[in-house]
Amino acid sequence: KWNTAMPSFSTPATSAELAAAYPDNIYAGPSAIDPDTLANLGPLAPMAGVWQGEGGVDIAPKAGGPRTQPYNERIELQPVDPGNNGPQVLYGLRYHTWICKPDSIGTYHDQVGYWLWEPATETIMHSVTIPRGQTILAAGRASRDAKTFTLRAERGSPAYGICSNPYLEDNFQTDSFTITVTIHEDGTWSYDEDTVMSIKGGQEPFHHRDRKRLARVAAPQPNPLAPV
């Protein structure tokens, strides 16, 4: 059954918190950056690698009402070299998600982006780009050893928001996106997504839901700058 309760969500760092976390000189890079991304991913570390899963559940909007569709998924999350915006340091995983329906080789969903960890503020960021002309940047906070965390983006937010092409805006407007990730004791991890949409002709917001549990099929490759 779907959990309809709002998951626990820790708001990303405020401007004041960011100002307190970094020096005033916005051009001054850190004196040293550890090049080993896999050792500095915080709560994202267990997600690194290549993963597969069957039997996911997708609840999508259709003309006749919500449709529940199982799906198979393969996602690759590989570490990238650490990046910095002046003093701000980010460690991340570049990912590619490919989804098909059971017994089909055609693409049901394709998605690329990054999972990013900002150690200074314990902020997680998740970028989503899909070939339907839409991109999202969601964020939330979690401790370095957290086993579950929730990220959120909202339409109209200047920081963690949603940008869609005009056709989607007019007909399938995305109002918010929430994802909760859980790291399990057996080494698998799962996600539960809730994308709230205002659909042309609809009376109530539609909750487009996706959930999946994934098992690792290959270890991650070290980032190029990581020590051998």
Side-chain angles (χ1 to χ4, degrees), residues 1-9 44 46-78 93-115 126-136 138 140 147-153 162 164 167-168 171-220:
K1 295 183 179 180
W2 291 99
N3 179 10
T4 56
M6 184 68 181
S8 176
F9 172 69
L44 301 179
M47 297 167 59
V50 183
W51 306 79
Q52 290 185 177
E54 298 180 354
V57 179
D58 170 52
I59 301 177
K62 296 297 175 183
R67 183 196 65 189
T68 300
Q69 170 71 55
Y71 64 93
N72 299 336
E73 179 172 352
R74 179 181 174 90
I75 178 170
E76 183 168 356
L77 297 107
Q78 297 291 356
L93 297 168
R94 180 182 59 245
Y95 76 89
H96 176 212
T97 297
W98 183 81
I99 291 173
C100 68
K101 296 179 182 179
D103 303 319
S104 172
I105 62 171
T107 299
Y108 183 52
H109 180 77
D110 196 278
Q111 180 177 313
V112 297
Y114 292 87
W115 284 91
H126 175 46
S127 68
V128 176
T129 300
I130 61 174
R132 299 187 183 192
Q134 185 177 67
T135 189
I136 296 169
K147 298 302 181 185
T148 185
F149 45 86
T150 296
L151 284 63
R152 184 172 173 84
I162 299 163
S164 306
Y167 185 85
L168 288 179
N171 297 285
F172 299 94
Q173 177 180 291
T174 298
D175 298 316
S176 68
F177 169 83
T178 304
I179 180 171
T180 296
V181 170
T182 301
I183 309 298
H184 301 284
E185 293 294 332
D186 63 358
T188 64
W189 65 277
S190 60
Y191 64 81
D192 188 341
E193 293 180 356
D194 183 9
T195 304
V196 181
M197 307 169 69
S198 295
I199 299 175
K200 187 175 183 179
Q203 299 300 313
E204 300 290 338
F206 184 89
H207 288 258
H208 184 171
R209 302 297 299 268
D210 295 282
R211 66 178 179 186
K212 169 71 76 173
R213 188 161 178 162
L214 297 150
R216 182 185 278 149
V217 296

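The residues of the chain are indexed from 1 along the displayed sequence.
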Might you point out which heavy atoms bring [X] and [Y] nearest each other, and give the distance in Å?
{"X": "T148", "Y": "T182", "value": "OG1-OG1, 3.4 Å"}
{"X": "P61", "Y": "I199", "value": "CB-CD1, 3.4 Å"}
{"X": "F177", "Y": "I162", "value": "N-CD1, 4.1 Å"}

Donor-acceptor pair, side chain of R216 and main chain of A48, under 3.5 angstrom: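 Yes; at least one donor-acceptor contact below 3.5 Å.
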Whether T188 side chain and A215 backbone form a donor-acceptor pair below 3.5 Å: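 No; zero donor-acceptor contacts below 3.5 Å.
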For residues [X] and [Y], determine if any side-chain heavy atom of one lies less than 4.5 Å from a side-chain heavy atom of the other.
{"X": "F206", "Y": "P66", "answer": "yes"}
{"X": "I75", "Y": "H96", "answer": "no"}
{"X": "W115", "Y": "L151", "answer": "yes"}
{"X": "T180", "Y": "F149", "answer": "no"}

side-chain hydrogen bond (donor to acceptor under 3.5 Å, both in side chains) partner of D58, chosen from H208, Q69, R209, K212: H208
Would you please say whether a donor-acceptor pair under 3.5 Å links the side chains of [X] and [Y]?
{"X": "S164", "Y": "T174", "result": "no"}
{"X": "H184", "Y": "S190", "result": "yes"}
{"X": "Q111", "Y": "Y95", "result": "yes"}

Qualifying salt bridge (Lys or Arg N to Asp or Glu O under 4.0 Å) pairs with a residue from residues 194-204, counting only residues at least two apart or across chains: none
Can you give each donor-acceptor pair under 3.5 Å made by side-chain atoms of residues 97-105, sequence neighbours left out, with the distance rounded to 0.1 Å?
residue : atom : partner : partner atom : Å
W98     : NE1  : T107    : OG1          : 2.7
S104    : OG   : G106    : N            : 3.1

Audit row: Q52, R74, side chain to side chain donor-acceptor pair (under 3.5 Å) steps and yes/no: CA-CA 4 Å; Q52 290 185 177; R74 179 181 174 90; 2.6 Å; yes
R67 atom CZ, neighbour heavy-atom count above 12 within 6.0 Å: yes
Aromatic ring pairing Y108/Y71, orientation class (parallel under 30°, perpendicular over 60°, tilted between):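 Rings of Y108 and Y71: tilted, 30 to 60°.
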